[in-house]
Amino acid sequence: MAIQLHTVLNTEQSRAASLIDGPVLIIAGAGSGKTRMICYRMAHMLEMGIHASEILALTFTNKAAAEMAMRVKDLTQRPVSELTASTFHAFGLRILREQGELLGYTHNFTIYDTSDCAALLKEVLHEEQLDPQAHDIPAMLHLFSNIKIGRMAWPSDCSAAIKAVYDGYQEHMKLYNAVDFDDLIMLPLRLFERYPHVLALYQKRYTHIMVDEFQDTSLEQYRLVQQLAAVHRNLCVVGDDDQSIYSWRGANYQNIILFETDFPERIEIKLEQNYRSTGTILQAANTLILHNTQRKEKALWTDGHSGGRITRLYPEQEDDEVQTIIKEIRSVLYARNLSYRSFCILVRTNHLIPAFENGCMLEQIPVQVSGGQSFFERKEVKDVIAYLRILANPDDDMALLRIINTPRRKIGRSTLAALRSIAYQRHCSLYSAIGLVTQQTDLYEHLRKEPLKNLYDLIETYRSALFAAGRKKSRVLRALMEEIGYKEYLAQEYPNNDQAVLFRYGSIQSFIRLFSQWEQDGDNLSYSVYDYLQRLSLHSRDQKEDGDPIDALSIMTIHASKGLEFDCVFLAGVEDHMIPHARTIEENPGALEEERRLFYVAITRAKQDLYISTCTQRKRNREVVPSVPSRFLSEIPEDLFQEPAQDFQLDKDETIAAFNALKRRLAEKESS
DNA sequence: GCATGATTGATTTTT
DNA sequence: TCAATCATGC
């Protein structure tokens, strides 16, 4: 059955969805039904006879990509396994898997995440006789990233030593057969540049390309799609310059201008009608964003209600803020008969999250936290992953360093130093150095070879076992964890804390279970360890694996909330050093506009009610200092705000109403 | 030479 | 609050 676009979409949306040939630029404001439109557009393409394998849809997060594929499937009632809906990084990975050998990468390459890169950088600093503590590692990584991607030239005051560190870093990556996130974009670009036939292959394969969240693409990401679309010119980009919040990661909303130059025949469509929020919330968002100077003109409007005012809360301190917000959520929940999933607490920085998480746990409120420390970032989980990594790619030094003495196997500082210097001289990985040391009986006699040999044999044994295991690799991993006595190691690390030991070993078991589920999944045509590990490094910060929707209150950073919506949104910590973030604007005063966009994104997540909480004082570096409200609040008209109700006591009628609502909910639960 | 316990220092956002 | 580093003991 054909989809009648104009019956399900508004005029602009329908126009955007039906223009499938030629370049199209869609400026889509927050809550303008952008995702819906994109999905209809893809469904329309399929109906027009374009094959799913010819469509490439790129987005920013794995979650968004997965959702897109699912919605298209629902709309068309067809399988979408051949549709490519992925993040830029996952797409880059795919190209590299298919063609990376041309650049000298073997199929078992490892993807280094930020913490791996930081660890490597420290290693290289040591190697170059520099003190890692004297250097700002994240800042250096950021600089290296800019250099690598060609966004920046070396600053004139940059020492030769730093440049040597950069070279060392690059050399090590190649030696380990490892790539970082930048490489996932840059290496495909290099492939296209050096091997025009490879570019032609992909140009032919993907005849229709769409990019969502275009304002968050980097220059390099744009170049990637621009090249792919250069011949057929069927490129549709969708974005909102007001929601560009990733410039620190290279996002450049001026790509919109580049697109306009590269595709002068483009058609431009603006989606400004908002289907999400009340008039009050939109008015707040519109007036706030007007303070930014560089933007495409647009204003959100709604034909719905103006809704209630924005409530401001003034708790005294963090713990007070947690209590105040939880109390408010409870009372709104019962008064309005909502469920927890209608609520969201948004914060600027990750470290505010645990306080809310714990507070909710104590109050028995189910929570869903994204951001913060994820399952895959727990120490013990990283340890198992490191074991798996070293089996997959023994040259992965960062993985080896993680497990070389975990559990303790009497390989200490001086042995390690010796190994490092051998690896350095021989231009080989640490693992090769270990192999060398253990095999040369007459050399390196001052080293304690026994533990090294044991480790080397262990890895070799399990390596061959792993590759002989087919779809039963998780058993090999489980056996390995048992053989090395990881549980005993935990017991030793956390003496007289059995709970911690159980909890942490539980994580290990959960991880092995996840791995096992993945490899047994019949839909997985490729079930190699490399696939799993590479997937893991791109997905690790995502939501939990199983998608059963639980009714829980969401807690997350503003960045993580992009694209989501909630009935009631609580913005916590809206203070002048948090948002705008003091350190951010100190480093780069121009970032003020981005902080404002961030606040704009936060406000526009709310459908019905918006609460803004500002503590009067906050703990900073163990000292309690007074906090003042964010300057952005003064950019929103006063009359859109209301002060909180005098106290949170419900009056008699409200109490009865709440009680009845509760009864109703219980009855509903019973019957379902 | 390695393991262990004490001290210190540090916190923006994420693929 | 937690992790990485340092100094000391075995």
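Chain identifiers are assigned alphabetically (A, B, ...) following the order of the sequence lines, protein sequences preceding nucleic acid strands; residue numbering begins at 1 within each chain.
Figure legend. dA6(B) is base-paired to dT5(C); pairs are counted as Watson-Crick or G-U wobble with both atom distances under 3.5 Å. Using N1 to N3 plus N6-O4 or O6-N4 for Watson-Crick, or N1-O2 and O6-N3 for G-U wobble, each under 3.5 Å, dT11(B) pairs with nothing.
Atom CG in Leu598(A) sits roughly 10 Å away from atom P in dT14(B) (whole-Å rounding). Note: OH (Tyr112(A)) to C1' (dT14(B)) measures 20 Å, nearest angstrom. Residue Glu377(A) contributes atom CD, which lies 12 Å from atom P of dA3(C) at whole-angstrom precision. Here dT15(B) presents its C1' atom at 8 Å from CD of Gln221(A), a figure rounded to the nearest Å. One interatomic measurement links the two molecules: CD1 of Ile137(A) to P of dG9(B), which rounds to 17 Å at whole-angstrom precision. Between Arg583(A) atom CZ and dT12(B) atom P there is a gap of 5 Å when expressed in whole angstrom units. Between Leu58(A) atom CG and dT15(B) atom C1' the separation is 13 Å, expressed in whole Å. Going from atom CD1 of Ile245(A) over to atom P of dT14(B) covers 9 Å, rounded to whole Å.
Between Thr61(A) and the phosphate of dT14(B), there is no side-chain N or O to OP1/OP2 separation shorter than 4.0 Å. OP1 and OP2 of dT12(B) both lie 4.0 Å or more from every side-chain N or O belonging to Thr557(A). Residue Asn350(A) places at least one side-chain N or O closer than 4.0 Å to OP1 or OP2 of dT13(B). For dT4(B), the OP1/OP2 oxygens have a side-chain nitrogen or oxygen of Gln492(A) closer than 4.0 Å. Within the 4.0 Å cut-off from OP1 or OP2 of dT13(B), not a single side-chain nitrogen or oxygen of Thr584(A) is found. Residue Asn405(A) has a polar side-chain atom (N or O) positioned under 4.0 Å from OP1 or OP2 of dA3(B).
Using a 4.0 Å cut-off between charged side-chain N and carboxylate O, Lys453(A) and Asp457(A) make a salt bridge.
The aromatic ring of Tyr246(A) does not sit over the base of dT14(B); the criterion of centres under 5.5 Å apart with planes under 30° is not met.
A side-chain hydrogen bond (donor to acceptor under 3.5 Å, both in side chains) with Asn177(A) is found for exactly one of Asn393(A), Asn108(A), Thr110(A), namely Asn108(A). Each of Leu592(A), Leu598(A), Ile603(A) was scored for a side chain to side chain contact (heavy atoms under 4.5 Å, CB included) with Phe632(A), with one residue passing: Leu592(A).
Distances from the side chain of Lys122(A) to the nucleotides dA4(C), dG1(B), dA7(C) place dA4(C) closest. When distances are taken from the side chain of Arg408(A) to each of dC2(B), dT4(B), dT13(B), the shortest belongs to dT4(B). The listed nucleotides are dT12(B), dT15(B), dA7(C); the one nearest the side chain of Phe181(A) is dT15(B).
Donor-acceptor pairing under 3.5 Å is lacking for the side chains of Glu321(A) and Gln323(A). Residues Asn255(A) and Thr217(A) have side chains that bring a donor and an acceptor to within less than 3.5 angstrom of each other.
A donor-acceptor contact under 3.5 Å is formed by the side chain of Thr114(A) with the base of dT15(B). Side chain Arg249(A) to base dT13(B): no donor-acceptor pair is found below 3.5 Å.
Thr87(A) comes within contact range of the sugar-phosphate backbone alone, with a heavy-atom separation under 4.0 Å but no base atom that close. Note on His581(A): only backbone sugar-phosphate atoms sit closer than 4.0 angstrom, heavy atoms only; bases stay farther off.
Judged by the 6.0 Å and 45° rule, Lys174(A) forms no cation-pi pair with Phe109(A).
Comparing Ile411(A) and Phe60(A) by the nucleotide of DNA chain B whose heavy atom lies nearest to each, the residue mapping closer to the 5' end is Ile411(A).
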